[in-house]
Amino acid sequence: MITTDLLIIGAGPTGLFTVFEAGLLKIKCHIIDALPQPGGQLAELYPKKPIFDIPGYPSVGAGELIDNLMEQIKQFEPGFTLSETAVSLTKVDEEWFEVVTNKGTVHRAKAVAIAGGLGTFEPRKPEFDNVADYEEKGIEYFVKDPELFRDKKIVIAGGGDSALDWSIFLSNVAKEVTLIHRRNEFRGALDSVEKVQELKNQGKINLITPAEVTAVKGEGRVQAITVQKEGEEAFDLETDYFIPLFGLTPKLGELANWGLEIEKNAIKVDNTLDYQTNIDGVYAIGDINTYPGKLKLILCGFHEATLMCQSVYNKLNPGKKYVLKYTTVSGVDGFDGSRKEAEKAVVKKID
């Protein structure tokens, strides 16, 4: 049996950052994740994808961000149960929760943080008949290794951030990039939309809107796609790869049977204080939760993790007053001292 203070379900960026915030408060953590390595979707699906909204990084690769988070938490020595899925949650007594995985590994913790991202998921696929015949034969739902598309002709379909971001990134990798969207308006960040328009003007991206891909053709693998542009006759476009980026269909899996309050395939939490679920001592942070005004951004997950850890500290240390101290003053080892000690440290630095 594995015992810990805080059990984190999900080793994505939010789950990993939780270890850091908990470590500052001397809270011991253990993480469960279904994947064989930490990183969640970023490591498994988008390791080379550039991320533009992490504070302090004009651009950072998804894999690099995970590597940095792992380096940041190494000092707190978290435990990991990888390649296993949490299947049951039980309140053992007033102090302990028990979580068991699909392989029978038993974990006990005083608090549980669900940071499972989108839960289990599968890509939304194009709605034409022969799509399965070309999967991994020119149809790719994720860009795991951009070098696969080096000097190739590629067609990306979609109107969200992933479609925009990969069109921008792969314009410097592929021989030819075509972006197709069924509307003239895109759902992604305004800056990305403007960048795509700029690359179109420079001849680095072919932009076809409003239009849809209605078929894939080829002998044994993708060789062309059929494009139906609104108000015009359909035409074929030669390509080596077709990348439909229509988003992911999330599924909560076993989490849906834990007695948690669910709304639109997400876990409802109280965002007025600490992102706790309807079960006292069980929290949900990151993309897996929902509340009024929720934004599914990594930096929002970091914020939620920070506030949640304060609540966990209070539960684990009833009656003990916590004094907030800045890491610029105390480093990462000095979070148990008093405010006077912190003030002395500031004075000493100024002197």
Side-chain angles (χ1 to χ4, degrees), residues 1-34 38 40 69-82 84-101 104-117 255 258-260 267 269-270 273-286 288-289 301-325 327 330-338:
M1 180 187 298
I2 296 169
T3 59
T4 191
D5 295 326
L6 175 62
L7 182 65
I8 303 167
I9 300 172
T14 296
L16 295 178
F17 188 69
T18 299
V19 175
F20 176 75
E21 288 296 322
L24 295 178
L25 300 171
K26 311 301 181 185
I27 299 170
K28 188 67 177 175
C29 295
H30 190 92
I31 303 179
I32 300 174
D33 199 278
L69 286 167
M70 288 295 292
E71 181 65 25
Q72 187 179 33
I73 67 174
K74 184 169 62 175
Q75 59 196 312
F76 298 120
E77 300 180 339
F80 287 90
T81 298
L82 300 174
E84 298 187 30
T85 303
V87 296
S88 67
L89 169 72
T90 306
K91 181 74 172 176
V92 177
D93 52 37
E94 289 301 313
E95 186 177 11
W96 295 96
F97 289 96
E98 184 172 280
V99 174
V100 181
T101 71
T105 307
V106 178
H107 305 74
R108 286 200 175 182
K110 297 178 181 179
V112 176
I114 303 171
L255 296 178
W258 289 6
L260 300 162
I267 301 171
V269 296
D270 178 8
L273 182 61
D274 55 10
Y275 304 95
Q276 192 162 216
T277 69
N278 58 303
I279 301 176
D280 185 39
V282 177
Y283 304 80
I285 53 176
I288 203 164
N289 76 14
F302 291 169
H303 167 77
E304 294 164 11
T306 303
L307 296 185
M308 182 210 71
C309 286
Q310 304 293 316
S311 178
V312 173
Y313 176 89
N314 290 331
K315 285 184 179 297
L316 298 185
N317 302 279
K320 185 176 180 180
K321 186 177 179 181
Y322 168 72
V323 178
L324 175 66
K325 293 166 66 176
T327 55
S330 61
V332 295
D333 296 320
F335 267 65
D336 281 334
S338 67

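Here the structure is a predicted model, which is why all the values come from computation and not from measurement. Note that the numbering runs from 1 along the sequence shown for the chain.
Judged by distance alone, with hydrogens and angles left aside, the side-chain atoms of E77 form no donor-acceptor pair with the main-chain N or O of K74 at under 3.5 Å.
Residue L316 holds its CG atom at 9.0 Å from CD of E95, rounded to the nearest 0.5 Å. To the nearest 0.5 Å, atom CG of residue D93 and atom CD of residue E98 are 10.0 Å apart. How far CG of L89 is from CD1 of I9: 7.0 Å, rounded to the nearest 0.5 Å. Interatomic distance, OG1 of T14 versus NE2 of H303, reported as 12.0 Å (0.5 Å rounding). The CD1 atom of I31 sits 8.0 Å away from atom OG1 of T18, with the distance rounded to the nearest 0.5 Å.
At least one side-chain heavy atom of P78 sits less than 4.5 Å from a side-chain heavy atom of I73. Looking at K110 and W96, their side chains come closer than 4.5 Å, going by heavy atoms from C-beta outward. Residues W258 and T277 have side chains not in contact (no heavy-atom distance under 4.5 Å, counting atoms from C-beta outward). No side-chain heavy atom of F80 sits under 4.5 Å from any side-chain heavy atom of D33. The shortest distance between side-chain heavy atoms of F97 and L7 does not fall below 4.5 Å. Side chains of M70 and L16 form a contact here, defined as non-hydrogen atoms less than 4.5 Å apart. The closest side-chain heavy-atom distance from T306 to F17 is below 4.5 Å. Proximity of I114 to L260: side-chain heavy atoms (C-beta onward) are separated by under 4.5 Å at one or more points.
Contact between L6 and A22 at its shortest, heavy atoms only, is CD2-CB, 4.3 Å. The two residues C309 and L25 come nearest to each other via the heavy atoms O-CD1, 3.4 Å. Considering all non-hydrogen atoms of both residues, N278 and G259 come closest at ND2-O, 3.0 Å. Closest approach of V312 to A111, counting heavy atoms only: CG1-CB, 4.1 Å. Residue I8 comes nearest to A115 through the heavy atom pair CG2-CB, 4.3 Å, listed as atom of the first residue, atom of the second, then distance. Taking each heavy atom of G286 and E304 in turn, the nearest pair found is N-OE1, 2.7 Å.
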side-chain contact (heavy atoms from CB on, under 4.5 Å) between H107 and T4, worked out: CA-CA 8 Å; H107 305 74; T4 191; over 6 Å; no

Test side-chain contact (heavy atoms from CB on, under 4.5 Å) applied to L24 and F76, step by step: CA-CA 9 Å; L24 295 178; F76 298 120; 4.2 Å; yes

Verdict with reasoning, E21 to F302, per side-chain contact (heavy atoms from CB on, under 4.5 Å): CA-CA 9 Å; E21 288 296 322; F302 291 169; over 6 Å; no

F20 and L69: CA distance, side-chain angles, deciding distance, side-chain contact (heavy atoms from CB on, under 4.5 Å) verdict: CA-CA 9 Å; F20 176 75; L69 286 167; over 6 Å; no

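A side chain to side chain donor-acceptor pair (under 3.5 Å) with H30 holds for exactly one of D5, T3, T81; it is T81.
Using a 4.0 Å cut-off between charged nitrogen and carboxylate oxygen, K315 and D280 count as a salt-bridge pair.
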